[in-house]
Amino acid sequence: MRQIVRHSETTPDTGLLLEADVAVRPLAERDWDAIVALEAGAYAQDGLSEGREALKSRCAAGTCFVLEHEGRVGGYLLALPYPPFTSPDLSRAEDADHPSRNLHAHDLVIAEHLRGRGLGPRLLAHLLAVARELAYDRISMVAVRGAHVLWAQLGYRAHPEVGLPASYGTNAVYMSMEVG
């Protein structure tokens with residue numbers, strides 16, 4: 001599934017104005033160098049960077065996407081089936097598939113020069129549409145660095161009772177929403 005958003009188009013699902021041409025497309029093998037660089041730039045300073053093999057282990061066919069801007073990867077979203085109310089440990093790669101009706105949005109990064117344009121919520125809206133198509137019941141995520149405030153505005157509910165691996169650091173919040 002490929003969605004193209006043209007200059008100055010207001011998206012109906014988020015109502016946000018996008019300022020540049022972008023395309024959301026399935027992640028391809030050729031995208032990994034850009035994804036690893038974006039992930040390291042976003043998380044290394046906080047000690048949350050995972051590395052290529054761990055990131056690749058969290059990518060499931062049909063539920064991982066890149067944001068293409070001017071022919072380059074300008075962001076990505078990695079999601080995989082994962083048991084509800086649990087989350088991957090950032091300190092190690094996944095070693096098994098997890099058949100589940102819960103789709104875990106593991107990682108979402110937008111390149112710094114594209115931030116503030118509503119592209120993160122746009123990627124999550126795309127994931128929600130795909131989750132509905134594939135008959136998932138729920139989408140979960142772990143919000144870090146205070147992002148739980150943004151995700152709550154998009155319909156994700158915090159579950160402070162859910163314990164998280166220490167690799168997420170302090171103040172991480174497990175969140176989820178029903179796909180419905």
Side-chain angles (χ1 to χ4, degrees), residues 24 26-60 63-69 72-98 100 102-128 130-131 138-177:
V24 176
L27 184 148
E29 188 63 32
R30 69 181 182 275
D31 299 324
W32 282 109
D33 287 343
I35 289 168
V36 169
L38 283 169
E39 191 267 356
Y43 296 119
Q45 187 174 20
D46 295 323
L48 300 173
S49 186
E50 300 174 76
R52 181 182 300 263
E53 291 312 309
L55 288 170
K56 287 181 94 170
S57 77
R58 302 184 210 304
C59 184
T63 60
C64 294
F65 308 97
V66 296
L67 177 73
E68 193 172 279
H69 176 258
R72 298 176 50 205
V73 174
Y76 68 88
L77 186 146
L78 303 180
L80 70 161
Y82 214 80
F85 307 109
T86 63
S87 58
D89 188 331
L90 301 180
S91 66
R92 61 179 174 78
E94 292 300 307
D95 56 4
D97 289 333
H98 302 280
S100 178
N102 180 69
L103 185 59
H104 188 75
H106 177 71
D107 198 12
L108 186 153
V109 174
I110 304 296
E112 195 169 329
H113 71 282
L114 295 174
R115 292 180 189 159
R117 300 180 185 185
L119 298 174
R122 178 72 178 165
L123 275 173
L124 282 173
H126 182 77
L127 183 66
L128 179 59
V130 169
R138 175 174 294 280
I139 297 176
S140 63
M141 67 171 61
V142 176
V144 297
R145 300 188 304 203
H148 65 283
V149 175
L150 170 64
W151 304 136
Q153 293 172 3
L154 296 174
Y156 288 84
R157 182 175 157 253
H159 299 279
E161 72 279 7
V162 174
L164 296 170
S167 56
Y168 285 95
T170 58
N171 302 320
V173 179
Y174 182 93
M175 303 184 81
S176 73
M177 72 181 297

> Consider only side-chain N and O atoms of S87 and H104, and report whether a donor and an acceptor are under 3.5 Å apart.
no
> Between D31 and A28, is there a donor-acceptor pair closer than 3.5 Å when you use the side chain of the first and the backbone of the second?
yes
> Output all residues satisfying side chain to side chain donor-acceptor pair (under 3.5 Å) with R58, sequence neighbours left out; order by chain, then residue number.
E50, E94, H106
> Please find the pair of heavy atoms, one from M175 and one from A143, that lie closest to each other, and give the distance.
SD-CB, 3.8 Å
> Is it the case that over 12 heavy atoms from other parts of the model lie below 6.0 angstrom from the CZ atom of R115?
yes
> Can you list the steps and then say if W32 with C59 is a side-chain contact (heavy atoms from CB on, under 4.5 Å)?
CA-CA 11 Å; W32 282 109; C59 184; 3.9 Å; yes
> Would you check if there is a donor-acceptor pair between the side chains of S91 and D89 at a distance under 3.5 Å?
yes
> Could you grab the distance from atom OH of Y156 to atom CE of M141, nearest 0.5 Å is fine?
4.0 Å
> First locate atom CG of L55, then atom CG of L90, and finally report the distance between them rounded to the nearest 0.5 Å.
9.5 Å
> Give, for atom CG of L103 and atom CG of L127, the distance between the pair rounded to the nearest 0.5 Å.
5.0 Å
> Is any side-chain heavy atom of Y82 less than 4.5 Å from a side-chain heavy atom of S140?
no
> Got a sec, which residues hit side chain to side chain contact (heavy atoms under 4.5 Å, CB included) with A60, two or more places apart in sequence or on another chain?
T63, L80, P81
> Which heavy atom in V66 sits nearest to a heavy atom in P26, and how many Å separate them?
CG2-O, 4.4 Å
> Please determine whether side-chain contact (heavy atoms from CB on, under 4.5 Å) holds for the pair V73 and D33, giving the CA-CA distance in whole Å, both sets of side-chain angles, and the decisive distance to 0.1 Å.
CA-CA 10 Å; V73 174; D33 287 343; over 6 Å; no
> Nearest 0.5 Å, what's the OG1-CG distance between T170 and L164?
11.5 Å
> Got M177 and W151 here, is their nearest side-chain heavy-atom distance under 4.5 Å?
no
> Decide if atom CD of Q45 counts as having more than 12 heavy atoms of other residues, nucleotides or ligands within a radius under 6.0 Å.
no
> Any non-hydrogen side-chain atom of L78 less than 4.5 Å from a side-chain atom of K56?
no
> Calculate, to the nearest 0.5 Å, the distance between atoms CG and CG belonging to L119 and L77 respectively.
12.5 Å
> Find out whether V109 and Y43 are in side-chain contact, i.e. whether some heavy atom of one side chain is under 4.5 Å from a heavy atom of the other.
yes
> Identify the heavy atoms of S176 and H159 that sit nearest to each other, and give their distance.
OG-NE2, 2.7 Å
> How close do P83 and H98 get, counting heavy atoms only, and between which atoms?
CD-CB, 3.7 Å
> Can you confirm whether more than 12 heavy atoms, excluding those of N171, are under 6.0 Å from its CG atom?
no
> To the nearest 0.5 Å, what is the distance between CG (L124) and CD1 (I139)?
7.5 Å
> Taking all non-hydrogen atoms of both residues into account, name the closest pair between A79 and A105 and its distance.
CB-CA, 4.0 Å
> Please name the pair of heavy atoms, one in Y174 and one in T86, separated by the smallest distance, quoted to 0.1 Å.
CE1-O, 3.3 Å
